[in-house]
Amino acid sequence: MDQEKIQQAVTLLLEGIGEDPNREGLLETPARVARMYEEICGGLTQDASQHLHKTFQTQSSELVLEKNITFYSLCEHHLLPFYGKAHIAYVPDGKVVGLSKLARTVEVYARRPQLQEQMTAQIADAIMEHLSPKGVMVCLEAEHMCMTMRGVQKPGAQTVTNAFRGVFETDESLRQAVYFQLSRG
């Protein structure tokens with residue numbers, strides 16, 4: 001990331017809103033913001049395959065569900081945060097991945113300017129590509145600060161997005177089994 005450009009942009013933003021970037025409390029703000037963006041947009045330089053390439057053989061083809069994976073992302077329309085929980089279910093077809101790798105995959109896509117709908121599909125597609133399961137279902141529930149802080153100003157409103165691949169596209173009972181598990185908290 002170009003730290004210098006980010007710092008220049010933050011300085012211009014402060015000036016644009018009528019602040020004095022040379023004021024004591026703002027002197028180091030451009031550098032702090034540049035470091036923050038390097039962290040919260042770190043997924044731009046990562047590939048989900050780095051987390052999903054190490055798999056383990058399994059005879060099981062029973063449902064695997066990892067739920068309540070906390071994520072924080074950045075709305076690409078307003079550059080405001082959206083945050084929530086990701087839930088990933090898949091039916092293995094000969095191989096599984098370490099559970100922490102599912103959470104890391106969520107992070108790869110969350111840590112970039114993003115649309116929730118796109119992020120949901122990206123996670124599902126990455127798991128299908130690298131694990132080749134019988135199917136995957138990804139559900140994201142998030143609150144968007146662009147709806148909370150500005151515009152319609154509706155704190156607590158949740159946006160839910162789903163992506164279904166493989167057997168989850170056609171097997172309603174399998175989707176319902178996942179929804180039942182998610183409803184149990």
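Here the structure is a predicted model, which is why all the values come from computation and not from measurement.
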For this session: Could you tell me which non-hydrogen atom of Gly156 sits nearest to which non-hydrogen atom of Glu143, and how far apart they are?
Result: N-OE2, 3.0 Å
Exercise. With the threshold set at 4.0 Å, does a side-chain nitrogen-carboxylate oxygen contact exist between Arg175 and Glu172?
Worked result: yes
For this session: Quick one: closest heavy-atom pair of Leu44 and Pro113, and the distance?
Result: CD1-CD, 4.0 Å
Problem set entry | Ionic contact status for Arg23 with Glu19, cut-off 4.0 Å | yes
Exercise. So Phe164 and Tyr179, would you call those rings parallel, tilted or perpendicular, with 30° and 60° as cut-offs?
Worked result: perpendicular
Problem set entry | Arg112 (side chain) donor-acceptor with Cys41 (main chain) under 3.5 angstrom | no
Problem set entry | Arg150 (side chain) donor-acceptor with Cys146 (main chain) under 3.5 angstrom | yes
Seminar exercise, completed: Heavy-atom closest pair (Ser183 atom, Phe180 atom, distance to 0.1 Å) is OG-O, 2.7 Å
Problem set entry | Atom pair NE2/CD of His144 and Gln158 - distance to nearest 0.5 Å | 8.5 Å
Exercise. Got a donor-acceptor contact below 3.5 angstrom from the Lys85 side chain to the Leu140 backbone?
Worked result: no
Exercise. Looking at side-chain heavy atoms only, is the closest gap between Val106 and Met119 below 4.5 Å?
Worked result: yes
For this session: Taking all non-hydrogen atoms of both residues into account, name the closest pair between Val160 and Cys139 and its distance.
Result: CG1-SG, 3.8 Å
For this session: Using only heavy-atom distances, determine whether the side chains of Gln8 and Glu4 contain a donor-acceptor pair under 3.5 Å.
Result: yes
Exercise. Ignoring hydrogens and geometry, is there a side-chain-to-backbone donor-acceptor pair from Gln114 to Tyr109 under 3.5 Å?
Worked result: yes
Exercise. Rounded to the nearest 0.5 Å, how far apart are CE of Met137 and CG of Asp171?
Worked result: 11.0 Å
For this session: Taking Glu39 for its side chain and Met36 for its backbone only, find out whether a donor-acceptor pair lies under 3.5 Å.
Result: no
Seminar exercise, completed: Heavy-atom nearest pair, Gln7 first then Ala34, reads CG-CB, 3.8 Å
Exercise. Distance-only, no hydrogens or angles: does the Gln46 side chain make a donor-acceptor pair with backbone N or O of Val108 under 3.5 Å?
Worked result: no
Exercise. Roughly how far, to the nearest 0.5 Å, is CG of Asn22 from CD of Glu15?
Worked result: 8.0 Å
Exercise. Just checking, any donor-acceptor pair under 3.5 angstrom between side chains of Thr148 and Gln153?
Worked result: no
Exercise. Does the side chain of His51 reach to within under 4.5 Å of the side chain of His130, using non-hydrogen atoms?
Worked result: no
Exercise. Between atom CZ of Phe82 and atom NE2 of His77, what is the distance when rounded to the nearest 0.5 Å?
Worked result: 10.5 Å
In residues 86-95, what donor-acceptor pairs under 3.5 Å come from side-chain atoms, sequence neighbours left out?
from: His87; atom 1: ND1; to: Asn68; atom 2: N; distance (Å): 3.0
from: His87; atom 1: NE2; to: Glu141; atom 2: OE1; distance (Å): 2.5
from: Tyr90; atom 1: OH; to: Val97; atom 2: N; distance (Å): 3.3

For this session: Using the side-chain contact (heavy atoms from CB on, under 4.5 Å) rule, pick out the option among Thr120, Ile127, Asp125 that qualifies with Ile123.
Result: Ile127
Seminar exercise, completed: One should read off an interatomic distance between Ile69 CD1 and Glu66 CD, to the nearest 0.5 angstrom, of 4.0 Å
Problem set entry | 4.5 Å side-chain heavy-atom contact, Val178 and Leu63 | yes
Problem set entry | Any donor-acceptor N or O pair under 3.5 Å, side chains Thr161, Gln116 | yes
Seminar exercise, completed: The reported gap from OG1 in Thr105 to CG in Asp47 (rounded to nearest 0.5 angstrom) is 9.5 Å
